[in-house]
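Working notes, structure below.
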2 protein chains.
Amino acid sequence: MSPTLDYDPHEFPPFAVTVDLVVFTIRDERLHVVLVERGSEPFAGRSALPGGFVRPDEGIDAAARRELAEETGLDLGRDAATLTQLATYGDPDRDPRMRVVSVAHVALVADLPDPRGGSDATAAELVPVDTALRRRLAFDHRRILRDGLDRVRDQLEYLSIATRFCPPEFTLGDLRAVYDAVWDVELDPANFRRKILASGIVTPVAGARATPSASGGRPAQRYRATSTALAPIEPPFRRPTA
Amino acid sequence: MSPTLDYDPHEFPPFAVTVDLVVFTIRDERLHVVLVERGSEPFAGRSALPGGFVRPDEGIDAAARRELAEETGLDLGRDAATLTQLATYGDPDRDPRMRVVSVAHVALVADLPDPRGGSDATAAELVPVDTALRRRLAFDHRRILRDGLDRVRDQLEYLSIATRFCPPEFTLGDLRAVYDAVWDVELDPANFRRKILASGIVTPVAGARATPSASGGRPAQRYRATSTALAPIEPPFRRPTA
DNA sequence: TTAATAGTGTCTGTAAGACACTATACG
DNA sequence: CGTATAGTGTCTTACAGACACTATTAA
């Protein structure tokens with residue numbers, strides 16, 4: 001805030017503030033993002049990120065949680081770490097109607113029962129990210145999605161966010177599948193195991209073993225995230241080059 | 001943006017949008033931040049980060065550049081990389097007057113001739129960051145400063161931002177002094193040289209050697225940033241533990 | 001049995017940290 | 001000469017990647 005105001009605070013310019021959400025999950029071994037179909041102009045009929053206006057007495061992340069619940073039926077609960085702020089997009093012409101500044105967020109969720117349409121009957125769908133990036137999205141949502149994807153890929157290296165894509169208990173194979181999907185690689189199971197266990201971000205569940213998948217295989221030890229909060233991966237788990 | 005609006009766009013809630021700036025530089029081997037003194041309520045007389053209202057037809061980073069120039073006389077020019085968005089702060093009660101959402105930025109500058117008061121005669125000063133963090137700052141500026149500091153410390157590991165604190169030509173000793181100041185460590189000159197040169201973020205200036213400092217010593221090779229854009233440091237330059 | 005996944009062991013190359021040593025300036 | 005900084009070389013340790021090998025399940 002400027003100590004010597006350029007504008008009287010009661011004559012401030014007319015801004016609208018919104019939130020947009022990049023909601024990632026993993027489905028069929030691939031990274032997906034939640035898109036909604038716009039029902040009204042501008043960009044009616046086009047795919048868009050879920051989001052909406054921040055209410056006058058509502059915090060910004062509260063607005064993000066509320067909009068996500070309203071449009072997709074997803075409840076992130078009180079868990080602070082699955083929803084993080086990405087960046088703010090405020091080009092003067094990003095919305096043809098008026099000046100809108102949007103605070104974008106990234107949410108990571110375990111695979112959903114199924115994305116249902118919002119309480120207001122808007123269509124919500126789960127789309128593979130590469131498909132979504134090839135679509136013509138409303139507003140500057142393609143750029144926001146791109147930025148969100150970059151962020152998740154980066155954070156996978158140094159933060160324990162991978163467990164957010166998993167249910168409370170998971171195997172190291174499940175966790176590796178997250179890395180494989182987000183980075184589009186195939187990590188060596190042996191080296192993955194060594195690095196993840198050394199980082200301490202997961203703790204084995206005493207006695208719990210996973211039933212082998214349909215294709216057979218030895219049952220795997222079950223793990224839980226060591227902490228409910230995000231933890232640094234130390235040393236960082238670097239993404240394979242090329 | 002919600003496809004089914006909770007609010008008619010022409011009845012949007014009354015928000016003001018501002019920018020705040022965390023401007024870092026290095027002075028006397030220590031990291032400093034630019035603070036201004038507030039001339040009016042609320043928080044009159046208290047130190048604050050420079051910033052101000054975004055104008056109706058102005059982009060957000062354009063507003064940040066303009067406010068910085070107005071309040072401290074610093075011109076970042078067209079260089080995109082010295083000014084980066086940090087995060088957005090929008091608690092409903094962060095400004096007692098009205099609902100204000102502020103987009104905070106971080107700027108890195110080479111040591112200034114001297115921070116002059118703004119064109120509107122507001123006092124601007126350069127304060128060591130640890131001192132600034134102990135002060136009672138206006139609004140939530142202490143948290144913003146804290147977040148900005150964390151960001152710069154992190155980015156020093158994997159982005160070539162250190163050169164932004166230096167004049168166009170510098171020695172490896174100068175660059176190491178940046179790391180020492182921001183991380184509050186004393187890096188080994190030999191290992192620092194090896195890692196920085198291996199990363200390729202700097203290029204030697206043919207024939208140019210620095211005159212030894214007052215205390216003597218062999219003249220050092222001069223370098224320039226290899227690219228005007230920010231480049232990743234590969235492999236990352238990890239901060240010493242503890 | 002085979003196929004598939006879980007999990008262990010080991011070798012090799014790269015790179016970080018510690019630090020000795022040389023080079024070139026000022027006084 | 002001593003002192004201070006620039007710059008090189010080298011040793012040790014840690015860890016990542018590659019990959020061989022064993023373990024335990026389903027079909």
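Every chain is numbered from 1, with letters handed out A, B, ... down the list of sequences. Because the structure is predicted, anything quoted here is derived from the model rather than measured.
If you take CD of B/Gln221 and C1' of D/dT8, they are 15 Å apart, rounded to a whole angstrom. Atom CZ in A/Arg193 sits about 18 Å away from atom P in D/dA18, given to the nearest Å. For B/Asn191 and C/dA20, the CG to P distance is 13 Å, given to the nearest whole Å. Atom CZ in B/Arg222 sits about 11 Å away from atom P in D/dG7, given to the nearest Å. Atom CD in A/Glu234 sits roughly 11 Å away from atom P in D/dA16 (whole-Å rounding). Rounded to an integer number of Å, the gap from CG of B/Leu175 to C1' of D/dA6 is 15 Å. Protein atom CG of B/Leu197 is 9 Å distant from nucleotide atom P of D/dG7, rounded to whole Å. Atom CZ of B/Phe192 is separated from atom P of D/dT8 by 15 Å (rounded to the nearest Å).
Among the atoms of the strands shown, only primed sugar atoms or phosphate atoms (P, OP1, OP2) are found under 4.0 Å from some heavy atom of B/Pro235. Within 4.0 Å (heavy atoms only), A/Ala190 reaches at least one base atom of the nucleic acid.
The B/Arg176 side chain lies nearest to D/dA6 when the options are C/dA25, D/dA6, D/dA16. Comparing C/dT24, D/dT25, C/dG7 against the side chain of B/Pro219 picks out C/dT24 as the nearest. Proximity note for A/Lys195 (side chain, C-beta onward) versus C/dG17, D/dA18, D/dA16: the nearest is D/dA16. Out of C/dC19, D/dG17, C/dG7, the shortest distance to the side chain of A/Arg218 is found at C/dG7. When distances are taken from the side chain of A/Asp188 to each of D/dC19, C/dT5, D/dG7, the shortest belongs to D/dC19.
Inspection of the A/Asp147 and A/Tyr89 side chains reveals an N or O donor paired with an N or O acceptor under 3.5 Å.
The shortest distance between the side-chain N/O atoms of A/Arg194 and the OP1/OP2 oxygens of D/dG17 is not below 4.0 Å. The phosphate of D/dT24 has neither OP1 nor OP2 within less than 4.0 Å of any side-chain N or O from A/Arg209.
At a threshold of 4.5 Å between non-hydrogen side-chain atoms, the residues B/Val152 and B/Phe24 count as touching. B/Leu35 has its side chain within reach of B/Arg135: a pair of non-hydrogen atoms, C-beta onward, lies under 4.5 Å apart.
With rounding to the nearest 0.5 angstrom, the CZ atom of B/Phe139 is 13.5 Å from the CG atom of B/Asp91.
Listed here is the closest heavy atom pair of B/Phe165 and B/Val178: CD1-CG1, 3.5 Å.
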